[in-house]
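Report on one structure; see the data block that follows.
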Amino acid sequence: MSAKTLMARLDPPRVHGWGPLAGALSGAVEKSMAELNRSLMEVSVSMIKEHLNAESVSVKDAYGDGRHVRRVLILMSLCIDVVSSAFEGQSAVNRQRMVYKAIWEELQSTVHAVDQMTTKTPNEVATDQ
C-alpha cells in the first residue's frame with residue numbers, strides 16, 4: 001500500500017485537497033511506519049532471545065509493508081524463526097506457546113497475527129544442513 005493510500009485511510013477528509021502538504025505528510029507517515037516496524041521487530045527479537053535463551057531469532061513483517069492499518073495504529077503480521085535449546089523435548093505446539101509467551105505484550109497491541117513460525121533446536125538445525 002502506498003503512503004498516500006495509507007494517509008487517505010487514516011484521515012480521509014483532511015488529506016484530500018492538501019496538495020504538497022499531503023505529499024509531505026505521506027513521506028512522514030511512511031518513515032514513521034518503517035521506524036515502527038523496525039522497532040517492533042527489534043523488541044520482539046530481544047524478548048524472544050531473553051525468554052528462550054535463543055541462539056538465533058529472525059522476526060520479519062510477513063508482507064513487508066505493515067499493511068494492516070487501524071485508524072492510527074499500524075498492525076503487523078509477522079514471520080518468526082527461532083533456534084533455541086529450550087525447545088529440546090517440547091512438542092511443536094509447546095514450542096509455539098513458548099514463543100507466543102515471550103511476545104505476548106506485542107500480540108495484544110501491535111501484532112495482528114503471526115503468519116508463520118519455525119521453531120528448531122540447535123541439533124535439528126545441524127541435522128538439516
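Because the structure is a prediction, the values reported are computed rather than measured. Position 1 is the first residue of the sequence, and the numbers go up from there.
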Residue set satisfying salt bridge (charged side-chain N to carboxylate O under 4.0 Å, His left out) with Glu105, at least two apart, ordered chain then number -> none

Does Val83 share a hydrophobic cluster with Tyr100, counting links as ILVMFWY side-chain heavy atoms below 4.5 Å and allowing steps through other members?
no

Kindly write out the residues that satisfy side chain to side chain donor-acceptor pair (under 3.5 Å) with Lys60, not counting sequence neighbours, or none if the list is empty.
none

Table please: side-chain donor-acceptor pairs of residues 43-52 below 3.5 Å, with sequence neighbours left out.
residue: Ser44; atom: OG; partner: Leu40; partner atom: O; Å: 2.9
residue: His51; atom: ND1; partner: Met47; partner atom: O; Å: 2.9

Out of curiosity, Met117 CE to Arg95 CZ, how far, rounded to the nearest 0.5 Å?
12.0 Å

Testing Thr118, Asp115, Ile103, Thr119 for side chain to side chain contact (heavy atoms under 4.5 Å, CB included) with Ile80, which one passes?
Ile103

Side chain to side chain donor-acceptor pair (under 3.5 Å) partners for Asn53, two or more places apart:
none

Do Lys120 and Thr127 come close enough that some side-chain heavy atom pair is under 4.5 Å?
no

Pairs in or reaching into residues 79-93: which pass salt bridge (Lys or Arg N to Asp or Glu O under 4.0 Å), with residues at least two apart or in two chains?
none

Does Val57 share a hydrophobic cluster with Trp104, counting links as ILVMFWY side-chain heavy atoms below 4.5 Å and allowing steps through other members?
yes

Locate the shortest heavy-atom distance separating Met98 from Ala86; write the atom from each residue and the value.
CE-O, 3.5 Å

The criterion is side chain to side chain donor-acceptor pair (under 3.5 Å); which residues satisfy it with Ser85, sequence neighbours excluded?
none

